[in-house]
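Counting convention: from 1, in listed order, for ligands and their atoms alike. We use all heavy atoms of the structure for the numbers below, so side chains are in, but hydrogens, waters and symmetry mates are not. Computed from a predicted structure; not experimentally measured.
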Amino acid sequence: MSVICRDLFGEPIAAAAALRKERRRRKVGYADKPGSGPKGKRCGNCKHCSVVVHRGQRSKKCDLMAHAWTHSDETDIHPQAPACKQWERRPFSPAKHSP
Ligand code: SF4
C-alpha cells in the first residue's frame with residue numbers, strides 16, 4: 001500500500017525516493033560535468049572528494065559544491081565517476097610512504 005503525501009494545498013508531494021533519483025539523474029553533486037577532466041582519473045582520488053559523516057552515515061561529497069550540500073545522508077558523488085575539469089591531485093602523504 002502506498003501513501004500519497006499532500007501539501008497544504010492538496011497537491012501531491014514527490015516521494016523521497018523519487019527526489020533522490022532525480023538528484024542522481026541531474027548529477028547535482030559534481031563541480032563540473034563528470035568525464036570532462038583528465039583521462040583515467042576518478043572522483044575518488046580527487047583532492048576535493050571528502051567523506052562527510054552525518055548522523056552516523058558516511059557519504060561522499062565534493063568540497064567545491066559545499067554551498068549546495070543538503071546535509072542529507074545521500075552520497076552526492078560516486079567515487080568511481082570519471083573526473084571533472086576541476087579535478088586536482090591529492091597532496092602527497094608522507095605518512096603512507098615512510099618506512
Ligand atoms: S573530480 Fe573532484 S572536483 Fe570534480 S566533482 Fe569529483 S571530487 Fe569534485
Side-chain angles (χ1 to χ4, degrees):
M1 183 177 110
S2 68
V3 177
I4 299 174
C5 297
R6 298 195 181 272
D7 66 9
L8 195 60
F9 306 104
E11 296 296 321
I13 300 172
L19 289 174
R20 278 197 297 270
K21 199 173 179 182
E22 172 67 12
R23 192 174 161 80
R24 233 176 274 135
R25 190 183 65 73
R26 285 190 290 133
K27 298 180 172 44
V28 291
Y30 298 92
D32 214 320
K33 187 179 172 198
S36 60
K39 270 208 173 352
K41 303 297 181 194
R42 305 270 170 200
C43 266
N45 49 29
C46 173
K47 166 183 161 183
H48 301 294
C49 179
S50 57
V51 176
V52 177
V53 180
H54 182 62
R55 289 187 285 172
Q57 290 282 352
R58 292 163 54 94
S59 57
K60 300 258 182 173
K61 301 197 187 253
C62 176
D63 285 346
L64 298 179
M65 294 300 289
H67 61 278
W69 288 0
T70 59
H71 304 286
S72 73
D73 303 341
E74 275 290 300
T75 290
D76 292 349
I77 59 171
H78 198 283
Q80 291 301 315
C84 78
K85 273 191 255 177
Q86 311 293 327
W87 184 90
E88 283 184 65
R89 183 178 303 280
R90 279 185 192 272
F92 176 71
S93 170
K96 271 189 176 175
H97 300 281
S98 61

Which residue owns the protein heavy atom closest to atom 8 (Fe) of ligand 1, what's the atom, and how far is it?
Cys62 SG, 2.3 Å
Atom 5 (S) of ligand 1: nearest protein contact (heavy atom, Å):
Ala31 N, 3.4 Å
Indicate yes or no for a side-chain donor-acceptor contact from Tyr30 to the backbone of His78 under 3.5 Å, with no hydrogens or angles considered.
yes
Heavy-atom side-chain proximity of Arg42 to Cys49 below 4.5 angstrom
no
Side chain, backbone, both or neither: Leu64 near ligand 1, heavy atoms under 4.0 Å:
side chain
Here the atoms of ligand 1 under 4.0 Å from any heavy atom belonging to Gln86 are 3 (S)
To the nearest 0.1 Å, how far is atom 4 (Fe) of ligand 1 from its closest protein heavy atom, and which atom is that?
Cys84 SG, 2.3 Å
Any side-chain heavy-atom pair from Lys60 and Val51 closer than 4.5 angstrom?
yes
Is Cys46 touching ligand 1 with its side chain, its backbone, both, or neither, if touching means heavy atoms under 4.0 Å apart?
side chain
Taking the side chain as everything from C-beta on, heavy atoms only, tell me whether Cys43 gets closer than 4.5 Å to Gln80.
no
Is the distance from atom 6 (Fe) of ligand 1 to the nearest N/O/S atom of Cys43 under 2.8 Å?
yes
Any heavy atom of Gly37 closer to ligand 1 than 4.0 angstrom?
no
For Val52, the option from Gln57, Lys61, Arg58 that meets side-chain contact (heavy atoms from CB on, under 4.5 Å):
Lys61
His48, NE2 atom: more than 12 neighbouring heavy atoms under 6.0 Å
yes
